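The first residue in the sequence is number 1, and the count goes up from there. Please read all numbers here as calculations on a predicted model, not as lab measurements. Both backbone and side-chain heavy atoms feed into the values below; hydrogens, waters and symmetry mates do not.
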Amino acid sequence: MTAPVFVVEQLPGGPEFVLDGPEGRHAVSVRRLNPGEDLVLTDGRGRWAEGVVRAAEGKDRLLVTGLVSVHEEPAPAPRITVVQALPKGDRGELAVETMTETGVDAIVPWQAARCITQWKGDRGLKSLAKWRSTAREAGKQSRRVRFPEVANAMTTKQVAALLAGADFAGVLHEDRDSGSEPLATAELPAEGTIVLVVGPEGGVSPQELAAFAEAGAPAYRLGPSVLRTSTAGTAAAALLMGRTGRWS
């Protein structure tokens, strides 16, 4: 297994570093790292450095050495963004967690017409903070050094504008009364941006489908079965990762 990942605001400028605060506490008291073990420090934006544990001090300070150089992971191509309609309960965090593990580059919360969950006021701010925290923790767990961006919640009009600027855009939608093409055979770009919309449990409304189609995002389907909104984005992302070569 690769070395555990810890997040720092700024990468060290020298060969030694003190990891403290919440990350230091997690390393010392939860992970119980010992002298001689490897770890990775990252800013979550693609910059990272490998180090070795020299010693632990107390319950929340880890002395790290061997930080020879800082590396930068290039941004992956094509960039994959998933627009995720707001699910009920904690299924939003589940969707963010698994999409992060899969490798999605950006996640956009979407207040769709048929969403039961509403992000308003303080509740909306808390929910957004949870999504961002989940992306950060899932990024660490999956050993990423470039975590997905979680945008502010968008309206349908804003999502349509995002789709219009993408090199490939689509909406996951399966309806007997409206046609859809299989995502597995869609022509995908090798570079640029891919934006995919995942609707709520009640489905994407006809008005939203029309707005997205006008923006250049037709309907696509994954397969014969119907996935929940909290899992559809992850399944689609995995398909895109394989088809674009990002998993090769």
Side-chain angles (χ1 to χ4, degrees), residues 1-9 11 19 21-33 37-50 62 71-110 117 119 124-154 172 193-198 200 222 227-242 244 246-247:
M1 180 175 289
T2 56
V5 172
F6 297 91
V7 181
V8 294
E9 289 300 319
L11 271 296
L19 183 66
E23 292 291 274
R25 186 176 304 110
H26 184 74
V28 175
S29 301
V30 180
R31 294 301 302 263
R32 300 183 183 277
L33 295 184
E37 292 191 72
D38 296 329
L39 54 72
V40 170
L41 302 178
T42 181
D43 61 3
R45 298 182 294 276
R47 302 181 75 243
W48 60 280
E50 293 178 300
L62 200 70
H71 310 276
E72 182 154 6
E73 180 180 283
R79 176 181 170 87
I80 298 175
T81 297
V82 175
V83 176
Q84 174 66 60
L86 306 180
K88 295 183 293 184
D90 60 359
R91 288 189 171 275
E93 288 90 84
L94 173 63
V96 171
E97 179 180 55
T98 53
M99 285 193 287
T100 298
E101 293 171 357
T102 305
V104 165
D105 303 298
I107 300 168
V108 178
W110 171 39
T117 299
W119 281 13
L125 294 175
K126 289 179 181 178
S127 297
L128 179 60
K130 282 184 179 180
W131 280 35
R132 287 175 172 166
S133 175
T134 299
R136 172 188 168 108
E137 294 307 310
K140 291 163 53 179
Q141 179 66 34
S142 55
R143 308 297 198 263
R144 291 180 63 168
V145 295
R146 187 181 290 276
F147 301 163
E149 302 168 15
V150 179
N152 292 330
M154 289 190 180
L172 291 183
T193 59
I194 294 175
V195 181
L196 202 62
V197 176
V198 178
L222 284 175
L227 280 68
R228 299 199 69 163
T229 185
S230 53
T231 54
T234 300
L239 175 63
L240 294 175
M241 292 290 171
T244 57
R246 285 184 50 173
W247 273 5

- Could you check if a side-chain atom of Leu33 sits within less than 4.5 angstrom of a side-chain atom of Leu62, using non-hydrogen atoms only? yes

- Message: Tell me whether Arg143 contacts the main-chain N or O of Thr2 through its side chain, where contact means a donor paired with an acceptor under 3.5 Å.
- Response: yes

- Query: Which distance, rounded to the nearest 0.5 Å, do you find between the NE2 of His26 and the CG of Leu19?
  - Reply: 10.5 Å

- Rounded to the nearest 0.5 angstrom, the CG-CZ distance for Asp43 and Phe147 is 8.5 Å

- Note on the structure: Here the pair of heavy atoms bringing Gln84 nearest to Trp131 is CG-CH2, 3.8 Å

- For Ala236 and Leu196, which heavy atoms make the closest approach, and how far apart are they? CB-CD2, 3.4 Å

- Task: Evaluate the criterion side chain to side chain contact (heavy atoms under 4.5 Å, CB included) for residue pair Leu172 and Val197; output intermediate values, then yes/no.
- Result: CA-CA 6 Å; Leu172 291 183; Val197 176; over 6 Å; no

- Message: So Val7 and Arg136, do their side chains get closer than 4.5 Å, heavy atoms only?
- Response: yes

- Item | Close side-chain approach of Thr100 to Thr134, heavy-atom, < 4.5 Å | no

- Query: Counting distance only, does the side-chain N/O of Ser142 pair as donor-acceptor with the main-chain N or O of Ala138 below 3.5 Å?
  - Reply: yes

- Across all chains, not counting sequence neighbours, the salt bridge (charged side-chain N to carboxylate O under 4.0 Å, His left out) partners of Glu101 are none

- Please check if the side chain of Thr42 supplies one atom and the backbone of Trp48 the other of a donor-acceptor pair under 3.5 Å. no

- Message: If we ignore hydrogens and angles and just use 3.5 Å, is the side chain of Thr231 paired with the main-chain N or O of Leu227 as donor and acceptor?
- Response: no

- Query: Rounded to the nearest 0.5 Å, how far does OG1 of Thr98 lie from CD of Glu93?
  - Reply: 11.5 Å

- So, do Ile107 and Thr81 sit near enough that their side-chain heavy atoms are less than 4.5 Å apart? no

- Message: When you measure from the side chain of Glu97 to the backbone of Gly139, do you find a donor-acceptor pair of N or O atoms at a distance under 3.5 Å?
- Response: no

- Item | Heavy-atom pair with the smallest gap, counting every atom of Gly233 and Val198 | CA-CG2, 3.7 Å

- Could you tell me whether the side chain of Trp119 reaches within less than 4.5 Å of the side chain of Leu125, counting heavy atoms only? no

- Task: Mind running side chain to side chain contact (heavy atoms under 4.5 Å, CB included) on Glu37 and Arg32 for me, showing each step along the way?
- Result: CA-CA 10 Å; Glu37 292 191 72; Arg32 300 183 183 277; over 6 Å; no

- Any idea which heavy atoms bring Ala85 and Thr229 closest together, and the distance? O-OG1, 4.1 Å

- Item | Minimum heavy-atom distance between Gly89 and Thr117, given as atom pair plus value | N-OG1, 4.4 Å

- Query: Do Arg31 and Phe6 have side-chain heavy atoms sitting under 4.5 Å apart?
  - Reply: yes

- Note on the structure: Smallest heavy-atom separation, Pro109 atom then Asn152 atom, equals CD-O, 4.0 Å

- Item | Backbone of Ser230 reached by a side-chain donor or acceptor of Arg228 within 3.5 Å | no

- From CG (Asp105) to CE (Met99), nearest 0.5 Å: 12.0 Å

- Backbone N/O of Val104 and side chain of Thr102: donor-acceptor pair under 3.5 Å: no

- Message: To the closest 0.5 Å, what do you measure between CG (Leu239) and OG1 (Thr244)?
- Response: 9.0 Å

Please set out all donor-acceptor pairs under 3.5 angstrom arising from side-chain atoms of residues 71-79, sequence neighbours excluded.
{"residue": "Arg79", "atom": "NH2", "partner": "Glu149", "partner atom": "OE1", "Å": "3.2"}

- Here the gap from Ile80 atom CD1 to Arg246 atom CZ, rounded to the nearest 0.5 Å, amounts to 4.5 Å

